[in-house]
Each structure stands twice: as C-alpha cells, then as structure tokens.
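We count residues from 1, following the sequence as given.
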Amino acid sequence: MIDRDGRIVFGSLLALILVLTVSIVVEEQFGVGLREYPVLSFLVFAGLALAVPQLYLAATDDETADDDPTRSRVQFAAVATAVFALAFADDASGISYLVIAGIGSGAVIALVCYEALRWHHGSSEGSLSQAR
C-alpha cells in the first residue's frame, strides 16, 4: 500500500504524464507544441511535477515539535524550482527569460525569508522561555 506522501507525489507525476500526452496530441493535430512556450513548459515541469506536491505536503503535514520534514519539503521545492528555472531560462529569450528567471530568483528569496522567519520565531521562543 502506498502511503499518503507517495500517492500525492505519484499523482502529480501522473498528472505530468497526462499533460505531456495531451501536449503531444495537440502538437500533432494543431502544430502548437508545449516547447514553443517556455514559461508554460517551466510551470508544468517545475510547478506541477515538483513544487506543488511538496508545498501541499508541507502545508498539510501534522505539526510536530521537530518540523524538519516540512522544512525539507519547502527547501526542496524552492531549490528544485530555482534549478529548473536555470535550465528553462537557458532556452528562453526576451520576456520569457525574465519571467522564468524571476520565478527562480523569487523561489530562492522566498526560501531565505522562510528560513529567516523560522530563525526569528526560534530565537524569540528561546528568549521568552529564558525570561521565565
């Protein structure tokens, strides 16, 4: 039996395969391929396959005292988005390049803000417990 995390990740990969299959059919029928739209391609691969399931699992995980799985999921989603942005921005040009690079940069900046917020909450909770 596949656990909840596996079902969600497997479901996102299945959705990716479905989108790619539809994309191939549309390309054969109408001559419009997913490769012609680098921002859409990036969002399908980085978003649908990687970031969305990891961020969903991070948001819906049970809160525990040690929330390393949630932290690891957020870190993975941000770094994977940035890496895919580098790969997809290499093939893009013009405004598509800027949009993809902006999303990748935003993912890294969001990760830095997330870590700073976690650090701030951890340090403020520690100072409150020491004051008592």
Side-chain angles (χ1 to χ4, degrees):
M1 187 93 193
I2 300 175
D3 64 338
R4 177 180 171 268
D5 295 354
R7 286 192 312 262
I8 291 171
V9 172
F10 182 71
S12 72
L13 292 177
L14 192 60
L16 175 67
I17 291 170
L18 180 67
V19 167
L20 291 177
T21 304
V22 169
S23 169
I24 291 170
V25 170
V26 168
E27 184 175 6
E28 291 295 321
Q29 293 294 319
F30 302 108
V32 178
L34 190 60
R35 287 173 270 159
E36 297 172 13
Y37 301 98
V39 175
L40 184 59
S41 298
F42 169 71
L43 291 176
V44 165
F45 280 98
L48 182 64
L50 293 171
V52 169
Q54 294 301 320
L55 293 176
Y56 172 76
L57 288 170
T60 59
D61 276 346
D62 293 331
E63 293 295 323
T64 59
D66 181 27
D67 119 302
D68 282 336
T70 300
R71 184 177 184 190
S72 297
R73 291 185 191 286
V74 171
Q75 290 171 345
F76 176 78
V79 171
T81 300
V83 168
F84 269 84
L86 284 173
F88 277 84
D90 187 41
D91 293 335
S93 62
I95 192 74
S96 297
Y97 173 82
L98 291 175
V99 169
I100 294 171
I103 292 171
S105 300
V108 172
I109 291 169
L111 178 61
V112 169
C113 292
Y114 172 78
E115 291 295 332
L117 188 63
R118 283 182 46 85
W119 174 78
H120 176 70
H121 282 296
S123 65
S124 64
E125 287 176 3
S127 64
L128 288 176
S129 64
Q130 289 176 357
R132 291 181 182 181

TODO: For the pair S23 (side chain) and V19 (backbone), establish whether a donor and an acceptor sit closer than 3.5 Å, ignoring hydrogens and angles.
DONE: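 Between the backbone of V19 and the side chain of S23 there is no qualifying donor-acceptor contact (under 3.5 Å).
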
Would [X] and [Y] show up in the same hydrophobic cluster when neighbours are defined by side-chain heavy atoms closer than 4.5 Å?
X    : Y    : answer
I100 : I95  : yes
V32  : L20  : yes
V9   : V74  : no
I109 : I103 : no

Gap between atom [atom2] of [Y] and atom [atom1] of [X] - 0.5 Å precision:
X   : Y   : atom1 : atom2 : answer
T21 : L16 : OG1   : CG    : 9.0 Å
E36 : E27 : CD    : CD    : 6.5 Å
T60 : L55 : OG1   : CG    : 10.5 Å

[X] and [Y]: which non-hydrogen atoms are nearest, and at how many Å?
X    : Y   : answer
G104 : A85 : CA-CB, 3.6 Å
Y56  : R4  : CE2-NH2, 3.8 Å
D5   : R73 : OD2-NH2, 2.6 Å

Validation row: [X], [Y] side chains within 4.5 angstrom (heavy atoms):
X   : Y    : result
V25 : Q29  : yes
P38 : D91  : no
R71 : Y114 : yes

Using residues 39-49 as the side-chain source, report each donor-acceptor pair under 3.5 Å to any protein atom, sequence neighbours left out, with the distance given to one decimal.
| from | atom 1 | to | atom 2 | distance (Å) |
| --- | --- | --- | --- | --- |
| S41 | OG | L34 | O | 2.6 |
| S41 | OG | Y37 | O | 3.1 |

Open item on the list: Here's a test for you: under side-chain contact (heavy atoms from CB on, under 4.5 Å), which of L111, V108, L50 qualifies with V79?
Closed with: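 It is L111; the other options fail the test.
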
